[in-house]
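Here is how names work: the chains are called A, B, and so on, in the same order as the sequence lines, proteins then strands, and each is numbered from 1.
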2 protein chains.
Amino acid sequence: MRAIFCTYRSDRELERCTVAAETRARWQVVYDDIRGQIDRGVLGKGDQVPGEVFLADRHGVARSTVRSALSRLEQEGLITAGKGRLGRTVRNDEPLVWNLHSFERRDRRDDPNTGMDDWARGVADQGRIPHQEIKPSLEMAEATVAGWLGVPVNSPVVRRSRRRAVDDRPWQLSDSWFPEWAKDTPLLTHVEDLVLPGGALAYLGHPQVRTRDEIRVRMPSPGEAQRLEIPVGTPVMEHVRIGYGVDDMPVRVMITVAPGDRTTLVYELEV
Amino acid sequence: MRAIFCTYRSDRELERCTVAAETRARWQVVYDDIRGQIDRGVLGKGDQVPGEVFLADRHGVARSTVRSALSRLEQEGLITAGKGRLGRTVRNDEPLVWNLHSFERRDRRDDPNTGMDDWARGVADQGRIPHQEIKPSLEMAEATVAGWLGVPVNSPVVRRSRRRAVDDRPWQLSDSWFPEWAKDTPLLTHVEDLVLPGGALAYLGHPQVRTRDEIRVRMPSPGEAQRLEIPVGTPVMEHVRIGYGVDDMPVRVMITVAPGDRTTLVYELEV
DNA sequence: CAGTGGTCTAGACCACGCT
DNA sequence: GCGTGGTCTAGACCACTGG
């Protein structure tokens, strides 16, 4: 029983693990080879990963064994596969900060001059170009949304479905749901950002006085992966914000799905 | 455009699917079969997934083709693989709510009677059994931590490394880092929860008056996956809380890594 | 023991995209 | 054209676990 010491360098610390030689699979040897090169900086961000046939030859294994190793690295979000002559490359993604403490709250920064809402301003302030498409619709509330909004299932609700992009790349899918009163407001008719003094909800007489945010993380569904151009091995954040009015009833529910490799959530709180 | 009819017999029902031959890979047919059964509830949480050989036979494909489909479902966190006779099962995880608005803040709920700190109380209130091990140590600050704490690189800092478990299952890895002053306090010597009136930091004369939380999501490193018993296809949340003191200097940085399938973050905010 | 998933091989054909 | 990854086959041996 011979022991092998393998080192693994994380962002914050160096770890060491001991593995029995007999238990180490051949695909793991290939995996460690590439992973080590990435961690040590031999392979930098955006660099091309050696090809499957080359690695199979070098390690003396079958091509499918190499594919097991590379597919694991893809799952972990370290590399991404191109098509044709491109080959695989080491992933390189710049996360965007999304400040959820200030987002759509007291100190919201809608800009009537540029027509940018709070989200767009936050993106523009980071030197990126925001863009969003909005599709309003009148729908029957499904169970989940009905529960959050505190209305009966299948009662009419207004939905504003957003697809947000940054620098012409898809960034977020964000759906807002409002109770029935919203059907007589621009929330149902206006297809652009609603930039109104104090925020659209306050302007329409239904200010949010309290919010509850729930954050979950999971792998994307095939549909989400397609619409957000999410590569294999990238999780998504699911952010649900429920806004409550002065009577402590929900005035809006917003469900946002954001790719994990392009998003950092921030909350700044006073104790 | 040739159509392939494939029939699949589960224990409970016989299904038939029609697929365009040109547009759909054969592993995707198998994938859609199982995914559909999960989505429609034919396969419930905890149920056993049909075996590889069985599926290969029913769909008339090679076993490795079936494995491609099942491995994709594993990546997406829908099923999990057992060993030996167990086979694969549909995943079944109950997320635990972690309220980060109240966590370690003004309304913290440490309990001197039970010796539970704020986190443990939050878990116990949800009917689960919390447990944590703490390892304090004096270390040299790495670049990341030094930057967050606002101290020189390689200057001495106190680290309290936590491994939290719920119901005897690993739950979080949480490391707190304190500036040099902490080396003369129980923060460096006490290996249990520090339950002190108003919270340890306030009691020791360095209250947090403001915090900044950063939340990121990624796939776990191999070490994290092992220590937290994270199955394939499960992302982690990385939560960084920087606490600032009355002089607006950081008094503590806490980095928490939590498995995505067992955690829901909650922030409740007043507008 | 029988059946499960884990690993592995040595081939094969294809679509794609660069040169 | 040629090398890339995507898909697929038909075998094989192994460790593990339940009945």
Inset, instruction - Among D/dT17, D/dT7, C/dC8, find the nucleotide with the atom closest to the side chain of B/Trp27. - result: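 From the listed options, D/dT7 comes nearest.
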Inset, instruction - Ignoring the backbone of B/Lys83, work out which of C/dT9, C/dG17, D/dT17 is nearest its side chain. - result: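 Side chain of B/Lys83 sits closest to D/dT17.
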[X] has an atom [atom1]; how far is it from atom [atom2] of [N], in whole Å?
{"X": "A/Glu74", "N": "D/dG6", "atom1": "CD", "atom2": "C1'", "result": "11 Å"}
{"X": "A/Tyr31", "N": "C/dG6", "atom1": "OH", "atom2": "C1'", "result": "17 Å"}
{"X": "B/Arg85", "N": "C/dT4", "atom1": "CZ", "atom2": "P", "result": "7 Å"}
{"X": "B/Ile79", "N": "C/dT4", "atom1": "CD1", "atom2": "C1'", "result": "13 Å"}
{"X": "B/Leu73", "N": "C/dG5", "atom1": "CG", "atom2": "C1'", "result": "15 Å"}
{"X": "A/Glu52", "N": "D/dG6", "atom1": "CD", "atom2": "C1'", "result": "8 Å"}
{"X": "A/Arg63", "N": "D/dT9", "atom1": "CZ", "atom2": "P", "result": "15 Å"}
{"X": "A/Leu55", "N": "C/dT9", "atom1": "CG", "atom2": "P", "result": "14 Å"}

Would you say [X] reaches [N]'s phosphate, i.e. side-chain N/O to OP1/OP2 under 4.0 Å?
{"X": "B/Arg67", "N": "C/dG6", "result": "yes"}
{"X": "A/Arg26", "N": "C/dT9", "result": "yes"}
{"X": "B/Ser64", "N": "D/dA10", "result": "no"}
{"X": "B/Ser68", "N": "D/dT7", "result": "no"}
{"X": "A/Arg88", "N": "D/dG5", "result": "yes"}

Legend entry - Of B/Gly84 and A/Val53, the one whose closest DNA chain D nucleotide lies more 5': A/Val53
Inset, instruction - Report the distance from atom CZ of B/Arg72 to atom CE of A/Met219, rounding to the nearest 0.5 Å. - result: 9.5 Å
Inset, instruction - Report the distance from atom NE2 of A/His131 to atom CZ of A/Arg169, rounding to the nearest 0.5 Å. - result: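 Answer rounded to 0.5 Å: 16.0 Å.
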Inset, instruction - Give the ring-plane orientation class for B/Tyr267 versus B/His239, where under 30° counts as parallel, over 60° as perpendicular and anything between as tilted. - result: tilted
Inset, instruction - Before accepting this row, confirm whether a basic side-chain N of the pair A/Glu133/A/Lys135 lies closer than 4.0 Å to the acidic partner's carboxylate O. - result: no
Legend entry - First encountered from the 5' end of DNA chain C, between A/Ala62 and B/Leu86: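 Nearer the 5' end of the strand: B/Leu86.
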Inset, instruction - Applying side-chain contact (heavy atoms from CB on, under 4.5 Å) between B/Arg88 and each of B/Leu70, B/Leu73, B/Ile34, report the one that passes. - result: B/Leu70
